Amino acid sequence: NWAGLDATGEKALSNGLDGISLEGGSAANRVEGNVAVSLARMAIMLSDWGTSFNTVAGNRINTDPSGTRVIGTAPGLAVNYGASYNRVGGTHSEDRNVIAGGIHMAGQGATGNLIIGNSIGVAVTGEQPLATDARGTWVFAGVRRLFIGGTTPAEANRISNHAQGGIRIDPGVDDVFVGGNLISGNGSHGIDIYHAEGTAVERNTITANTGSAVAIRDSACNTLRQNSIYNHRQPGIVLVNGGNRGLAAPVVATPTPTGVRGRACPLCTIEIFSDDQDEGRVYEGTAVADQTGAFTFAAPRALRGPNITATATDPEGSTSAFSTPVALSAAR
């Protein structure tokens with residue numbers, strides 16, 4: 001179906017609210033293969049308690065039927081107010097939604113939703129930007145156990161070209177998993193964690209955003225693991241106003257191609273990275289600091305360099321910023 005488009009597929013019609021809406025306990029439905037556009041509230045909306053176990057897959061959202069040009073001006077998709085255990089996207093190519101205008105997740109009780117395998121802010125070709133004055137994914141208070149991406153390549157989202165940043169996680173949000181995504185070319189930060197705890201950011205590629213890769217503000221116990229972070233205008237990881245309790249970054253001694261020594265918080269997990277500047281493009285491996293804070297990392301293969309950086313994660317799950325980069329020594 002074409003919802004909110006004229007017969008040419010080139011012009012948006014004036015929907016008063018949503019293009020497609022599942023509300024009031026709509027369960028176990030599949031919204032697939034549609035073009036949905038709105039100039040008002042949302043192109044596709046899932047809302048209310050009991051609106052659960054629905055699948056939204058293979059749609060063109062706020063674009064033309066080709067998935068290459070922005071049509072609608074409203075936010076792209078929302079999962080709100082108790083809507084739980086819904087899947088947006090999927091692991092097959094035909095499940096990929098192409099979304100302009102971003103995704104909004106909001107409201108008390110919205111639990112266990114999946115956002116996987118979508119192109120958010122990127123055309124169906126994977127290259128052409130669908131730029132809008134929006135955030136890629138904005139997670140509001142009350143959302144719990146949200147999965148953005150996953151642990152396999154097929155579950156990865158591409159989140160790019162959003163003027164207000166890639167992902168924003170607001171106060172009152174618990175236990176969000178952001179995994180395996182490509183988050184690139186956004187205005188502001190790639191991921192902005194604002195007064196939200198228990199966020200796990202794992203194995204993402206976060207690059208070329210105009211702010212930092214990850215900004216953590218006014219909150220703790222947010223964990224970064226094995227991400228590839230590089231080419232940002234601001235420091236790759238920033239802790240603001242006590243973010244992650246201002247955990248100190250490790251101090252790296254002169255590294256060699258076979259290993260790294262240094263000091264960090266006692267019993268912290270240390271991740272070692274190679275980068276050509278001061279971030280962490282290549283994850284090299286992990287060590288654990290002893291009770292005095294000393295750590296030794298024995299590289300399973302020659303470190304790539306040319307610079308070595310590190311992060312520390314304390315036993316409560318708070319991750320530091322990157323350490324000061326140290327040039328890789330030729331010594332063995």
Side-chain angles (χ1 to χ4, degrees), residues 166-169 175-179 183 188-207 209 211-255 259-297 299 303 305 307-328:
I167 298 173
R168 162 75 178 250
I169 301 174
D175 303 326
V176 175
F177 176 81
V178 181
I183 303 169
S188 190
H189 306 299
I191 302 174
D192 189 355
I193 301 171
Y194 179 51
H195 213 329
E197 298 193 350
T199 304
V201 179
E202 184 170 332
R203 298 188 181 184
N204 302 278
T205 298
I206 311 174
T207 181
N209 302 285
S212 297
V214 182
I216 301 173
R217 300 186 285 165
D218 303 289
S219 57
C221 303
N222 298 292
T223 305
L224 281 60
R225 300 188 187 97
Q226 300 183 29
N227 299 285
S228 175
I229 293 174
Y230 61 98
N231 194 25
H232 290 91
R233 298 182 186 180
Q234 298 181 18
I237 303 168
V238 292
L239 308 180
V240 183
N241 294 337
N244 277 359
R245 301 192 179 95
L247 183 69
V251 176
V252 174
T254 303
V260 179
R261 295 178 183 271
R263 300 195 66 83
C265 42
L267 304 179
C268 284
T269 299
I270 313 303
E271 291 195 345
I272 307 298
F273 298 89
S274 286
D275 195 81
D276 57 0
Q277 298 182 23
D278 59 356
E279 300 178 68
R281 184 167 188 159
V282 178
Y283 167 72
E284 298 281 14
T286 298
V288 178
D290 64 20
Q291 292 183 343
T292 71
F295 69 87
T296 300
F297 171 68
L303 298 175
N307 297 328
I308 299 300
T309 61
T311 61
T313 300
D314 68 19
E316 294 184 344
S318 293
T319 298
S320 73
F322 286 112
S323 65
T324 300
V326 179
L328 186 63

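Sequence positions, counted from 1, serve as the residue numbers for this chain. As the structure is a prediction and not an experimental result, all values here were calculated from the model.
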Backbone N/O of [Y] and side chain of [X]: donor-acceptor pair under 3.5 Å:
X	Y	answer
Asn244	Thr319	yes
His189	Gly211	no
Thr205	Ser228	no
Asn307	Asp278	no
Asp275	Gln277	yes
Ser318	Ala220	no

If every non-hydrogen atom of [X] is compared with every non-hydrogen atom of [Y], which pair is closest and at what distance?
X	Y	result
Val252	Val326	O-CG2, 3.6 Å
Ser219	Glu197	CB-CG, 4.2 Å
Asn227	Arg203	OD1-N, 3.1 Å
Ile270	Ala312	CD1-CB, 3.8 Å
Val176	Ile169	CG1-CD1, 4.1 Å
Ala213	Ile206	CB-CG2, 3.6 Å

Distance check, rounded to the nearest 0.5 Å: [X] atom [atom1] versus [Y] atom [atom2]?
X	Y	atom1	atom2	answer
Asn204	Ile183	CG	CD1	4.5 Å
Asn241	Tyr194	CG	OH	8.0 Å
Gln226	Glu271	CD	CD	5.5 Å
Glu279	Ser212	CD	OG	8.0 Å
Asn222	Leu247	CG	CG	12.0 Å

Any side-chain heavy-atom pair from [X] and [Y] closer than 4.5 angstrom?
X	Y	result
Asp276	Tyr230	no
Arg281	Thr207	no
Phe295	Val260	yes
Asn209	His232	yes
Ile272	Ile308	yes

Could you check Val214 against Leu224 for side-chain contact (heavy atoms from CB on, under 4.5 Å), going step by step and ending with a plain yes or no? CA-CA 9 Å; Val214 182; Leu224 281 60; 4.0 Å; yes
For a side chain to side chain contact (heavy atoms under 4.5 Å, CB included) with Ile229, tell me which candidate from Val201, Ile237, Thr309 qualifies.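 Passing option: Ile237.
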